[in-house]
Protein chains: 4
Amino acid sequence: MDAQKIIIDTDPGQDDAIAIMMALASPELEILGLSTVAGNVPVSQTATNACKILELAGRPEIPVHAGCAAPLRRTPITAEHVHGRTGMDGPDLPQPALRPQAGHAVDFLIDTIRANPPGSITVVTLGPMTNLALALVKAPDIAPRIGQVVSMGGACSECGNITPNAEFNIFADPDAADIVLRRPLPLTLVPLDITHQFLVSASRLARLRALPGRCAQAAASMLGFSERFDLEKYRWDGAPLHDPCTIGWLLAPDLFAGRMVNVSVEVDSPFMQGATAVDWWRVTDRPPNALFLREVDSAALWEVVLARLGRLP
Amino acid sequence: MDAQKIIIDTDPGQDDAIAIMMALASPELEILGLSTVAGNVPVSQTATNACKILELAGRPEIPVHAGCAAPLRRTPITAEHVHGRTGMDGPDLPQPALRPQAGHAVDFLIDTIRANPPGSITVVTLGPMTNLALALVKAPDIAPRIGQVVSMGGACSECGNITPNAEFNIFADPDAADIVLRRPLPLTLVPLDITHQFLVSASRLARLRALPGRCAQAAASMLGFSERFDLEKYRWDGAPLHDPCTIGWLLAPDLFAGRMVNVSVEVDSPFMQGATAVDWWRVTDRPPNALFLREVDSAALWEVVLARLGRLP
Amino acid sequence: MDAQKIIIDTDPGQDDAIAIMMALASPELEILGLSTVAGNVPVSQTATNACKILELAGRPEIPVHAGCAAPLRRTPITAEHVHGRTGMDGPDLPQPALRPQAGHAVDFLIDTIRANPPGSITVVTLGPMTNLALALVKAPDIAPRIGQVVSMGGACSECGNITPNAEFNIFADPDAADIVLRRPLPLTLVPLDITHQFLVSASRLARLRALPGRCAQAAASMLGFSERFDLEKYRWDGAPLHDPCTIGWLLAPDLFAGRMVNVSVEVDSPFMQGATAVDWWRVTDRPPNALFLREVDSAALWEVVLARLGRLP
Amino acid sequence: MDAQKIIIDTDPGQDDAIAIMMALASPELEILGLSTVAGNVPVSQTATNACKILELAGRPEIPVHAGCAAPLRRTPITAEHVHGRTGMDGPDLPQPALRPQAGHAVDFLIDTIRANPPGSITVVTLGPMTNLALALVKAPDIAPRIGQVVSMGGACSECGNITPNAEFNIFADPDAADIVLRRPLPLTLVPLDITHQFLVSASRLARLRALPGRCAQAAASMLGFSERFDLEKYRWDGAPLHDPCTIGWLLAPDLFAGRMVNVSVEVDSPFMQGATAVDWWRVTDRPPNALFLREVDSAALWEVVLARLGRLP
Ligand SMILES: [Ca+2]
Ligand SMILES: [Ca+2]
Ligand SMILES: [Ca+2]
Ligand SMILES: [Ca+2]
């Protein structure tokens with residue numbers, strides 16, 4: 001079988017970095033490029049971080065395109081208190097020699113989707129959906145050409161992680177999420193309901209640390225840094241690992257369960273900004289627009305992460 | 001110890017009826033009166049139903065006061081599809097000879113709270129909070145005189161039961177809930193997070209049916225009727241039993257756990273109307289205004305229900 | 001012809017005082033009582049002010065009932081910066097011997113409307129509509145019994161006077177206005193579009209000052225005080241005189257022109273709170289619910305004011 | 001003095017066509033290009049219409065770039081009931097040989113603004129602001145490089161023309177208007193308050209018809225068509241002429257008066273969508289962000305229109 005062509009739209013972020021590494025390690029996936037967006041840290045930093053990861057993994061041929069520096073209408077929020085000053089604090093990675101390409105991420109998305117056969121491209125979003133939303137507004141013809149979108153975002157039975165009801169990625173640019181959710185796209189949402197089940201306990205982290213490659217070492221170091229915040233906040237046995245669940249879903253969908261439901265996002269109320277209304281029990285007549293994942297075999301998924309990261313240099 | 005004086009504001013409803021019966025059977029509680037409100041069925045029917053319950057239990061001396069026929073600003077919604085035409089379908093109860101009192105429920109609340117020592121009255125709300133909200137607006141002096149309010153309402157990790165995000169009682173009159181939540185009142189919320197853990201399975205229902213009294217028989221018959229809807233919807237092992245959890249909390253608080261948190265209600269967004277923002281992880285600076293219950297010993301609570309209903313005629 | 005029975009619901013306020021005086025001087029109107037509400041100043045002060053006016057005019061037999069101390073859901077706002085500390089600054093009126101009645105304004109409204117023949121009572125609101133809204137929620141049976149409601153409130157082509165888009169009375173309790181506007185009531189709105197045409201110029205004020213009675217003198221003194229704020233703000237030739245336009249409309253409807261249109265109030269958006277959507281050009285399918293006045297013969301209306309105030313002691 | 005370089009972003013539309021003709025006839029203005037957007041009619045039609053106008057005026061060297069086919073988040077609304085099937089019904093213009101350029105309007109805006117000296121470009125928007133908003137999100141660096149933006153949009157003392165409170169262009173894409181209004185741009189708004197003063201009466205139209213050129217003839221024919229709708233609706237002496245007021249302002253600013261005020265747009269409330277809050281009386285602390293025009297010498301402006309259209313072939 002041919003590899004699945006994917007574009008990863010990302011705001012690294014330690015957990016973005018691990019998701020990207022998993023994809024780099026997977027022959028099932030052909031990464032056509034990384035597009036970056038403001039989110040965990042400002043957009044120039046996320047592009048630099050993407051370059052760092054590619055260099056670390058020895059894959060400088062994959063293009064990086066910087067995208068939107070701010071959400072559509074909202075004041076940018078970042079999360080340095082979680083991710084550190086660089087967004088990927090933890091390992092001591094050198095400034096990359098690799099540079100982002102000249103073209104804007106939005107045009108990279110549009111041009112790549114137009115240049116490939118309909119249905120052949122998977123877009124994975126690991127941050128606010130600003131780039132994808134802008135691409136869909138600028139070039140509505142790409143919507144039916146996209147194979148699928150897989151997004152880390154949203155929450156149903158889990159409370160939010162940035163406000164009582166909202167998850168960070170959707171809260172940061174709810175207008176963009178609204179645009180994506182209203183398009184006729186095959187969309188899979190990987191919400192907090194999944195990622196809060198996927199905890200990196202001390203013993204899990206120890207197994208990652210025991211892997212030999214420099215990529216796995218960097219990943220372990222990143223997690224050691226980023227999980228401090230959540231361990232302090234939730235006092236769970238481990239910190240949730242968000243973005244890698246999207247790649248995990250592409251590699252091992254059998255480890256997940258969900259339902260096709262309607263997911264809508266609150267854009268108007270300042271109070272509930274970015275909260276997702278997930279019609280799990282079908283109490284409205286709104287048509288299903290997303291596969292909303294809610295169960296995961298957390299232990300098996302961790303094995304996938306370890307196996308993939310273990311293949312990297 | 002003296003009995004705790006309570007007013008039950010209610011829209012019976014089968015589960016309201018069982019909550020009221022539990023209170024009638026409990027010497028720890030002195031019911032000063034029942035005030036009724038539109039909710040599960042129209043207000044005239046809820047007043048009649050309250051009278052039916054008192055007559056069945058042989059307690060005609062307890063006054064019933066009919067209250068608001070509609071929410072503050074919203075179009076009334078009722079739930080006959082769940083509760084049947086009378087709101088208490090199931091047993092074959094006669095039309096009651098007992099009649100509601102002349103005074104309006106709002107004035108009954110105000111006058112009773114003013115006539116008793118500060119802090120001595122517990123108000124339990126089992127339906128939309130219209131009556132209590134109106135009393136607080138008309139007579140703001142009663143707020144600091146109320147001992148505590150215990151309300152069935154809201155949802156956090158459970159999705160809503162009337163929309164994807166909202167619980168019925170708060171959805172039905174979100175403005176009223178907002179008024180109550182903004183007052184400096186000792187408030188305990190018994191949300192869907194609790195009541196969806198308190199399921200009446202077939203074996204639990206069988207034990208209720210085995211009780212000898214006419215009240216327990218009627219209760220069993222009511223539950224047999226009302227749980228059909230939820231069993232069909234959720235396909236769980238039993239239907240959730242909502243309102244009795246409030247009385248259960250008054251009688252056996254040790255069976256519950258919760259946190260003092262801020263709970264705010266969405267009033268403005270049509271889309272999220274009545275959804276509760278529960279700041280469980282303290283991610284906002286909004287001050288705590290309610291004890292939000294989230295855990296319950298469901299088996300032990302069922303024993304409380306059985307023990308109390310078993311004392312009634 | 002029998003006099004028209006009216007209840008004036010008011011938050012005096014200098015312009016409320018002049019409106020009340022006009023009504024007191026008019027045999028066409030029989031004032032059944034004054035109900036007061038928080039608005040320009042707190043509710044206890046508005047009740048005292050109502051008593052002051054009645055004493056000044058020698059009409060202590062008219063009952064005053066204090067009502068709601070705050071809007072339904074909003075933080076109270078008052079306007080002492082416009083009206084002075086007492087709300088009726090200007091003349092030196094003694095503390096009144098007259099006292100408000102024991103009953104609540106809401107019950108006074110309900111009981112009076114129920115006790116009189118259907119269609120016989122006119123309710124004039126000169127402040128936030130909290131009392132009338134609460135009465136309609138508590139006793140929905142009164143809605144079809146009310147003859148008409150005449151309210152000072154709203155704005156169409158005039159910008160707001162408290163925010164860019166909202167008029168003070170509706171902004172102060174938009175939920176109450178929404179409740180009133182949604183009921184099937186014969187309603188006339190006297191908006192800023194009218195009152196900003198009714199300016200008290202220096203020459204007009206001089207004619208009022210030239211009237212002999214103590215009431216006219218007090219009225220002139222009040223206007224001398226209250227118009228300072230608006231003259232400073234708008235730099236017009238005179239300050240608008242709001243509330244008396246309602247009584248003017250009852251006495252001389254031929255001086256006004258308007259249209260039956262739909263008027264809806266913005267309750268949800270914090271930004272546009274209390275703004276009125278007036279469907280003057282019938283561009284929506286919302287049914288007409290109010291006579292919205294927009295033109296007035298300002299010179300002739302001033303003659304009415306002078307003629308009436310000239311009759312008082 | 002050098003000509004002022006302008007880009008006209010437009011959704012022709014008869015009144016857009018006349019505005020463009022005025023600009024084509026004015027040596028004070030150098031039109032760098034026309035960018036088109038969905039609005040009065042779909043975007044492909046607006047691009048064709050722009051080509052038609054340029055061909056009619058003999059100016060095929062000016063590039064046309066088609067832009068966004070729909071608003072950012074809203075369902076597109078068009079106004080064929082006003083403008084006819086083509087959006088420029090009236091004259092019998094041939095299908096143009098001229099074709100839009102390949103590049104997207106958003107990139108044309110970005111590239112042109114970047115390629116010219118800071119402060120040298122005027123952007124005139126005559127339709128929904130989708131293109132300009134998208135350009136500002138995609139390339140925030142252009143905001144401080146734009147010389148000024150002049151937009152037909154908004155309303156203050158005039159009611160709206162699409163809903164009771166909203167003007168068409170802002171209503172059609174309120175999110176886009178919000179984005180533009182929040183940027184630090186020198187912005188002039190030409191609202192309904194201006195355009196509803198600029199009526200094309202029968203005698204004015206007769207003078208246009210009397211001009212010899214084919215462009216003036218086409219303009220007269222367009223107005224004869226488009227004004228039918230408004231004459232029917234408002235029953236005024238003439239129909240308002242919206243978009244040409246923007247070019248009129250560039251050519252003869254002395255004919256206009258306005259104030260620097262804060263203008264904010266309602267995005268959240270479905271009910272007030274697209275309404276503008278114009279802080280004319282400075283009752284908020286929101287900083288001024290636009291020159292909001294409110295007075296125009298209508299007769300003199302009509303002379304400007306006639307003089308310019310008279311110069312065209
Ligand atoms: Ca991320
Ligand atoms: Ca209930
Ligand atoms: Ca007043
Ligand atoms: Ca236009």
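Sequence lines set the chain letters: A, B, ... in the order given, protein chains first and strands last, and positions in each chain run from 1. Quantities reported herein were computed from a predicted structural model and do not represent experimental measurements.
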Point to revise | Part of D:T276 lying under 4.5 Å from any heavy atom of chain C | key: backbone
Exercise for review: With a 4.5 angstrom heavy-atom cut-off, could you sort out which part of C:V263 is near chain D: side chain, backbone, both or neither?
Suggested key: neither
Exercise for review: For each of D:V278, D:T284, D:D268, tally heavy-atom pairs with chain C at distances under 4.5 Å, and name the one with the top tally.
Suggested key: D:V278
Study note, to complete from the structure: So, the part of D:D279 with a heavy atom under 4.5 Å from chain C: the answer is both
Check your understanding: Hey, which of D:S269, D:A277, D:C156 has the most heavy atom pairs under 4.5 Å with chain C?
Key -> D:A277
Study note, to complete from the structure: Applying a strict 4.5 Å limit to non-hydrogen atoms, the region of C:T163 in contact with chain D is backbone
Review point. Going by atom types alone, do D:T130 and D:D173 pair a side-chain donor with an acceptor below 3.5 Å?
Key: yes
Point to revise | Sidechain N-carboxylate O distance under 4.0 Å for C:D175, C:R74 | key: yes
Review point. Do C:I18 and C:D243 have side chains that get closer than 4.5 Å, going by heavy atoms?
Key: no
Exercise for review: Tell me, for D:R286 versus chain C, whether the close heavy atoms (under 4.5 Å) come from the side chain, the backbone, both or neither.
Suggested key: side chain
**Study point:** Test side chain to side chain contact (heavy atoms under 4.5 Å, CB included) applied to D:N131 and D:D11, D:V37, D:V43, the passing residue
**Key:** D:V37
Check your understanding: Salt bridge between D:R85 and D:D89, side-chain N to carboxylate O under 4.0 Å?
Key -> no
Point to revise | Side chain, backbone, both or neither of C:A155 within contact of chain D (heavy atoms, under 4.5 Å) | key: neither
Check your understanding: Is it the case that C:Q197 and C:D193 place a side-chain donor and acceptor less than 3.5 Å from each other?
Key -> no
